[in-house]
Amino acid sequence: MNEYELLAELLLPDIKQTPDYYENMYPERNLPEGAKVTRVAPSPTGYLHLGTLFTSLVNRITATTSNGIFFTRIEDTDKKREVEGGIEDIIDGLNRFGITIDEGFINGTNESGDYGPYQQSKRAEIYQTYVKDLIKKGLAYPCFCTAEELEAVREIQEANKIRTGYHGEYAKHRNITYAEAKELIDKGLPFVIRLKSQGNEENKAVFEDMIKGKIEMPQNDEDFVLLKSDGIPTYHFAHAIDDHLMHTTHVMRGDEWISSTPKHIELFKLLGFKQPKYAHVSPIMKLDNGAKRKISKRKDPEAAVHFFIEEGYEAVSVIEYLMTIAASDFEDWRRANPDTDYKEFKFNLKKMSVSGALFDQNKLNDISKIKVSKLNSAEVYEKITEWAKEFDNEFYNILTKNPDYSKSVFAIDRDNASKPRKDIAKWNEVKEYYSYMFKETYESCFELPENICKKDAFDFLSEYAKVYDENDDRQAWFDKIKEIAPKLNFASDTKEYKANPENFKGSAGDLSTLLRIAITGRKNTPDLCSIMQVLGKDESLDRINNAIKFCEE
RNA sequence: GGCCCGGUGGUCAAGUGGCCUAAGACACCGCCCUUUCACGGCGGUAACACGAGUUCGAAUCUCGUCCGGGUCACCA
């Protein structure tokens with residue numbers, strides 16, 4: 001055994017396999033020409049983040065449009081930051097948003113596929129096997145520096161305005177001998193394994209990013225950590241090993257990784273792996289006091305995808321919005337194919353924005369309103385009760401007390417409507433929006449519109465109460481208002497009124513607004529005639545009479 | 001600070017040297033339609049960060065300046 005082999009045995013005595021063993025265990029995938037293998041590799045350090053959902057979507061749709069594979073892998077190499085239930089939260093969240101997973105963790109507790117395990121904490125032996133091989137080749141070595149020592153070096157470098165980091169002459173243990181290492185290990189000192197970088201800062205590392213184009217950076221020359229002192233790899237090393245063994249063809253990740261890509265390039269080269277293609281996606285930003293910044297887990301509630309579910313957005317609406325950010329040609333496609341599943345869209349990485357988009361809730365709302373407007377009353381009822389059951393128990397009870405009544409409320413201006421309203425973006429608005437339709441939430445609050453005096457209101461409402469018939473259709477319903485109008489010197493015809501407004505106190509439209517306020521307390525509501533029908537004769541008359549009383553005073 | 005990446009209306013964006021008097025969408029405003037509320041239709045306000053260069057011609061190519069973002073861990 002030579003010096004390096006001795007060192008390898010000393011450091012990793014329990015590792016008996018060689019890389020060949022794993023190379024054979026995970027052969028090339030048998031996929032059609034051009035199929036892309038993509039993945040998302042979240043670390044279970046918290047809930048599902050909007051950015052993670054976004055990158056997952058991009059990965060998913062890239063795999064889909066090439067008839068490839070999209071898999072998940074859990075990067076749980078940092079046990080300090082891990083949170084309980086993190087895997088479930090993220091994977092189930094992905095499922096909830098309709099991101100289908102072909103392989104890896106398909107739900108919070110189960111994995112499937114031939115390239116596992118798909119959890120890095122279960123792959124320690126694999127990583128160590130490759131590290132041992134690197135040590136034997138003189139391409140990796142143990143480092144015994146403590147955090148304090150490293151910090152001290154960094155301070156010296158900063159003071160002397162030298163590039164910080166563990167490289168070149170500052171790489172203390174770079175040339176450690178077997179004997180030296182043995183002595184320190186016998187003393188029981190902990191160590192990490194570092195890469196003996198072959199890079200040179202003067203040279204360029206070049207790669208073609210599929211979104212940003214050609215990127216040139218100084219080569220990596222840092223002896224970065226491969227294996228932490230607990231024997232678990234760092235992200236960089238795990239990325240190289242896993243994506244090679246799992247045969248990922250396209251690594252699509254947040255663009256905060258661009259700056260460490262030279263490390264990855266060197267790793268793939270030294271390991272003799274084929275380089276995957278990289279696509280770095282820009283983060284979703286937010287405006288904060290006039291400044292654009294990345295959406296932050298700590299400061300922004302909408303960073304957690306759960307926020308959208310709680311608000312009552314339909315998952316498809318959020319995905320649809322994310323698609324408009326992901327692909328600049330998506331909205332055109334959507335216009336041409338209004339009812340097609342977004343998964344049919346031919347996604348092209350070249351159409352992705354190079355810079356980060358500001359999160360735009362207006363746009364989300366608009367998209368969501370369109371989606372909701374296409375639902376029928378039964379679907380609305382089903383979705384809203386599902387939402388309320390989880391997030392608004394009071395409303396859930398109100399809705400389910402009389403399902404048929406609730407559905408008839410949602411049917412207004414919706415079922416059989418040639419022009420559906422676009423008024424609901426998210427379920428948490430509905431209780432307030434329809435508050436006048438349910439006894440439990442209705443509060444009588446009549447108020448005169450500015451252009452009608454008390455006496456006219458009184459006269460109109462009194463007259464109307466006499467002729468009101470709950471069986472009238474829309475035509476008959478409005479005709480009655482038009483009949484009363486002239487008696488109060490209100491125009492029954494809108495055109496007539498507009499031609500000579502000075503001849504009238506107002507129009508039939510103004511009187512229906514008055515009636516609307518009497519019934520609902522609002523100036524804007526869905527079709528009033530339908531509302532009164534759903535409310536029923538007694539309730540409608542009650543409310544009218546209340547308003548009349550108000551006008552008497 | 002070093003190294004990367006970016007900068008077209010309030011927002012998302014089209015744009016690849018002449019089709020640019022700069023598209024479209026959201027938001028906002030106005031008008032029209034209308035049997036109320038909506039929906040819809042039509043229209044409007046509003047942008048190439050700045051400065052040099054290359055060119056007959058620049059939003060587009062080059063350089064500089066400014067501004068924004070990312071990254072410099074035994075975190076991912």
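Just so you know, these numbers use all the heavy atoms, side chains as well, and skip hydrogens, waters and symmetry mates. Letters A, B, ... mirror the listed sequences (proteins, then strands); counts begin at 1. Keep in mind that this is a model prediction, so the values were computed, not measured.
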Rounded [atom1] spacing from [N] to [M] in Å:
| N | M | atom1 | result |
| --- | --- | --- | --- |
| B:U11 | B:C3 | P | 30 Å |
| B:A47 | B:C39 | P | 28 Å |
| B:A25 | B:C42 | P | 9 Å |
| B:G9 | B:A14 | P | 13 Å |
| B:C74 | B:C48 | C1' | 47 Å |
| B:A13 | B:A27 | C1' | 15 Å |

Touch class at under 4.0 angstrom, heavy-atom based, for [X] against every strand present:
| X | value |
| --- | --- |
| A:R334 | nothing |
| A:D78 | sugar-phosphate |
| A:V225 | sugar-phosphate |
| A:K369 | nothing |
| A:P42 | nothing |
| A:S43 | sugar-phosphate |
| A:P218 | sugar-phosphate |
| A:T77 | sugar-phosphate |

Exercise. Tell whether A:R522 reaches the base of B:C37 with its side chain through a donor-acceptor pair below 3.5 angstrom.
Key: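 Looking at the base of B:C37, it does not pair with any donor or acceptor on the side chain of A:R522 (distance under 3.5 Å).
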Pairing partner of [N] (Watson-Crick or G-U wobble, both distances under 3.5 Å):
| N | answer |
| --- | --- |
| B:C37 | none |
| B:A49 | B:U65 |
| B:G24 | B:C12 |
| B:C42 | B:G30 |
| B:G1 | B:C72 |
| B:G57 | none |

Quiz item: Near A:E447 CD, under 6.0 Å, is it more than 12 heavy atoms from other residues, nucleotides or ligands?
Solution: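 Counting other residues, nucleotides and ligands, CD of A:E447 stays at 12 neighbours or fewer.
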Would [X] and [Y] pass as an ion pair if we require N to O under 4.0 Å?
| X | Y | answer |
| --- | --- | --- |
| A:E222 | A:K263 | no |
| A:K277 | A:E208 | no |
| A:E151 | A:R154 | yes |
| A:D413 | A:R421 | yes |
| A:R522 | A:E432 | yes |

Please report the distance, rounded to the nearest Å, between [atom1] in [X] and [atom2] in [N].
| X | N | atom1 | atom2 | answer |
| --- | --- | --- | --- | --- |
| A:Q119 | B:A76 | CD | P | 14 Å |
| A:I258 | B:G2 | CD1 | P | 19 Å |
| A:R39 | B:A76 | CZ | P | 14 Å |
| A:Y235 | B:U71 | OH | P | 13 Å |
| A:H236 | B:C72 | NE2 | P | 8 Å |
| A:L514 | B:U36 | CG | P | 16 Å |
| A:R81 | B:C75 | CZ | P | 9 Å |
| A:H167 | B:G2 | NE2 | C1' | 11 Å |

Is the phosphate of [N] approached by [X] (side-chain N or O, under 4.0 Å from OP1 or OP2)?
| X | N | result |
| --- | --- | --- |
| A:S328 | B:A14 | yes |
| A:K263 | B:A76 | no |
| A:T324 | B:A13 | no |
| A:K80 | B:A76 | no |
| A:N524 | B:A38 | yes |

Quiz item: Do the numbers put A:R123 on top of the ring of A:Y118, so that NZ or CZ is under 6.0 Å from the six-membered ring centre and no more than 45° off the axis?
Solution: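 No, cation not above the ring by the 6.0 Å, 45° rule.
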Nearest to the side chain of [X] - [options]?
| X | options | answer |
| --- | --- | --- |
| A:M285 | B:C37, B:G69, B:U11 | B:G69 |
| A:E256 | B:G70, B:G69, B:C74 | B:G70 |
| A:A357 | B:C4, B:A13, B:C72 | B:A13 |
| A:K212 | B:U11, B:C5, B:U36 | B:C5 |
| A:R194 | B:C74, B:G6, B:U36 | B:C74 |
| A:T234 | B:C75, B:A13, B:G70 | B:C75 |
| A:N362 | B:C5, B:C26, B:C74 | B:C26 |
| A:E75 | B:C74, B:C37, B:A76 | B:A76 |

Quiz item: How are the rings of A:H236 and A:H264 set relative to one another: parallel (under 30°), tilted (30 to 60°) or perpendicular (over 60°)?
Solution: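 Ring orientation of A:H236 relative to A:H264: tilted.
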Quiz prompt | Pair A:S197-A:D221, side-chain donor/acceptor within less than 3.5 Å | solution =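 There is no such pair (donor and acceptor under 3.5 Å, judged by atom type) between the side chains of A:S197 and A:D221.
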Quiz item: A:D479 or A:R154: which one's nearest nucleotide on RNA chain B is closer to the 5' end?
Solution: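 Going by which nucleotide is closer to the 5' end, it is A:D479.
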Quiz prompt | 5'-most by nearest nucleotide on RNA chain B - A:C529 or A:K422 | solution =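 The residue closer to the strand's 5' end, by nearest nucleotide, is A:C529.
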Report yes or no: does [X] contribute a side-chain atom to a donor-acceptor pair with the main-chain N or O of [Y] at less than 3.5 Å?
| X | Y | answer |
| --- | --- | --- |
| A:E149 | A:T146 | yes |
| A:D456 | A:I452 | no |
| A:D89 | A:G85 | no |

Between N or O atoms, less than 3.5 Å apart, protein on one side and nucleotides 23-25 of chain B on the other: list the pairs.
residue, atom, partner, partner atom, Å
B:G24, O2', A:R335, NH2, 3.1
B:A25, O2', A:E331, OE1, 3.0
B:A25, O2', A:K363, NZ, 2.7
B:A25, N3, A:K363, NZ, 3.3

